[in-house]
A.B. asks: 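Pasting a structure here, questions to come.
Everything numeric in this text was worked out from a predicted model, so none of it was measured.
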Amino acid sequence: QAWLENIKPCLVLNKIDRLILELKLTPLEAYYHLIQILEQVNAITGTLFMSSVLEETARSGGDDALKRENDDVDHVYDWSAGLEEKDDSLIYFSPDQGNVIFASAIDGWGFSIGHFASLFATKLGIKPDLLRKTLWGDYYFHAKSKRIFKGAQAKAKKPLFVQFVLENVWAVYEAVIQSRNKEKIEKIRC
C-alpha cells in the first residue's frame with residue numbers, strides 16, 4: 001500500500017523476543033538471521049521498483065524502449081529502458097538509514113539503531129552520527145584504540161550491532177525472563 005501511494009515506508013522487524021526465547025539463537029546467529037530477512041525484503045522491494053519503472057516507461061509510450069525490427073514484425077521490448085535513469089538508492093531498507101525498527105510487540109519495546117548510537121556515543125567517545133552509520137554492517141570496535149574498523153567478519157570480530165545492541169538485549173532477557181536475577185534487574189533499571 002505504501003508503495004502505491006509513494007509513502008516512504010518503515011520496516012518493523014517484530015518478534016525479536018522469539019529469536020531469544022524460542023529459537024534460542026545467539027546474538028551473532030540472530031544478526032545473520034536479520035541480515036537474511038532484510039535481504040529478502042529488499043529483493044522484493046527491488047522487484048516492485050523495477051516493475052514500477054518498467055510499467056511507467058511502457059505507459060509513457062517509450063518509443064525508445066520499443067525497438068522495431070520491422071513494421072510487420074512483433075515489437076521487442078527493451079527491459080532495461082528507464083532503469084538507468086531512476087535512483088533506487090533510497091528505496092531499500094537498512095537500519096543505518098533509520099528506516100528499520102527492531103521490536104517485540106508482546107513485550108512492549110522497539111528501537112532503531114539511532115537510539116543505541118546516541119546511548120553509546122558518549123560512553124565510547126564517538127560521534128553519534130558515525131556510530132549510527134556503522135552500527136549496522138561489517139564494522140567492529142577496537143577497544144584499545146577506541147576506533148571503529150571495517151572488516152569484522154574477515155577478522156573474526158563481533159559486528160558492532162551484535163556487540164552493542166543484540167548482546168545487551170539478550171542480557172536483559174537473560175536477567176529479567178530467564179534467570180529472574182533481581183540484582184541484575186535493579187542494575188538495568190538504573
A.B. asks: Any donor and acceptor pair, going by atom type alone, linking the side chain of Lys24 with main-chain N or O of Leu21 inside 3.5 Å?
C.D. replies: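 It does hold such a pair.
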
A.B. asks: Heavy atoms, side chains only, cut-off 4.5 Å: are Tyr139 and Asp96 in contact?
C.D. replies: no

A.B. asks: Looking only at non-hydrogen atoms, find the nearest pair between Gly137 and Pro159 and report the distance.
C.D. replies: O-CB, 3.9 Å

A.B. asks: For a quick test of reading the model, state the closest non-hydrogen atom pair linking Phe93 to Cys10 and the distance between them.
C.D. replies: CE2-C, 4.0 Å

A.B. asks: Which heavy atom of Ser104 sits nearest to which heavy atom of Asp17, and what is that distance?
C.D. replies: OG-OD1, 2.8 Å

A.B. asks: Just so I know, are the side chains of Asp129 and Arg132 near enough to count as touching, which here means a heavy-atom distance under 4.5 Å?
C.D. replies: yes

A.B. asks: Is any side-chain heavy atom of Val162 less than 4.5 Å from a side-chain heavy atom of Thr26?
C.D. replies: no

A.B. asks: Measuring from atom NZ of Lys8 to atom CD1 of Ile91, what distance do you get when rounded to the nearest 0.5 angstrom?
C.D. replies: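 CD1 of Ile91 is found 11.5 Å from NZ of Lys8.
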
A.B. asks: Is any side-chain heavy atom of Leu160 closer than 4.5 Å to a side-chain heavy atom of Phe120?
C.D. replies: no

A.B. asks: Look at the side-chain heavy atoms of Ile, Leu, Val, Met, Phe, Trp and Tyr, link any pair under 4.5 Å apart, and say whether Ile148 and Tyr140 land in one connected group.
C.D. replies: no

A.B. asks: Hydrophobic cluster membership, with links at side-chain heavy-atom distances under 4.5 Å among I/L/V/M/F/W/Y: are Leu23 and Ile177 in one?
C.D. replies: yes

A.B. asks: Which heavy atom of His142 sits nearest to which heavy atom of Ser145, and what is that distance?
C.D. replies: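 Closest heavy-atom pair between His142 and Ser145: ND1-OG, 2.8 Å.
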
A.B. asks: Let me know which of Tyr31, Phe116, Phe141 forms a ring pair (Phe, Tyr, Trp, His ring centres under 6.0 Å) with Phe164.
C.D. replies: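 One option only clears the test, and that one is Phe141.
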
A.B. asks: Can you name the closest pair of heavy atoms from Leu135 and Ile113 and give their distance?
C.D. replies: CD1-O, 3.5 Å

A.B. asks: May I ask you to test the Ile16-Arg18 pair for a side-chain heavy-atom distance under 4.5 Å?
C.D. replies: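 No; the side chains remain at least 4.5 Å from each other.
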
A.B. asks: Clusters formed by hydrophobic residues whose side-chain heavy atoms approach within less than 4.5 Å: which one holds Ile101, and what are its other members?
C.D. replies: Val12

A.B. asks: Taking the six-membered ring for Trp, are Phe161 and Phe102 ring centroids under 6.0 Å apart?
C.D. replies: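 Yes; Phe102 has its ring centre under 6.0 Å from that of Phe161.
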
A.B. asks: Main chain of Lys150, side chain of Asp138: is a donor-acceptor contact present, judged purely on distance under 3.5 Å?
C.D. replies: no

A.B. asks: Can you check whether Leu38 reaches Pro95 side chain to side chain, under 4.5 Å on heavy atoms?
C.D. replies: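 Yes; the side chains approach each other to less than 4.5 Å.
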
A.B. asks: If you count heavy atoms of other groups shown closer than 6.0 angstrom to CD of Gln153, is the number above 12?
C.D. replies: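 No, CD of Gln153 has 12 or fewer neighbouring heavy atoms, counting only those of other groups under 6.0 Å.
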
A.B. asks: Same cluster for Leu34 and Val172 if Ile/Leu/Val/Met/Phe/Trp/Tyr side chains link at under 4.5 Å?
C.D. replies: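 In one cluster: yes.
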
A.B. asks: At what distance, to the nearest 0.5 angstrom, does NZ of Lys157 lie from CZ of Phe149?
C.D. replies: 10.0 Å

A.B. asks: Would you say the side chain of Asn99 lies within less than 4.5 Å of the side chain of Ser112, judging by non-hydrogen atoms?
C.D. replies: no

A.B. asks: If we ignore hydrogens and angles and just use 3.5 Å, is the side chain of Asn42 paired with the main-chain N or O of Tyr92 as donor and acceptor?
C.D. replies: no

A.B. asks: Ignoring hydrogens and angles, tell me if any N or O in the side chain of Trp136 forms a donor-acceptor pair with the backbone of Gln97 under 3.5 Å.
C.D. replies: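 Looks like no, no N/O pair under 3.5 Å.
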
A.B. asks: Can you see which heavy atom on Pro27 is nearest to which on Leu166, and at what distance?
C.D. replies: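 Reported closest heavy-atom pair: O-CD1, 3.2 Å.
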
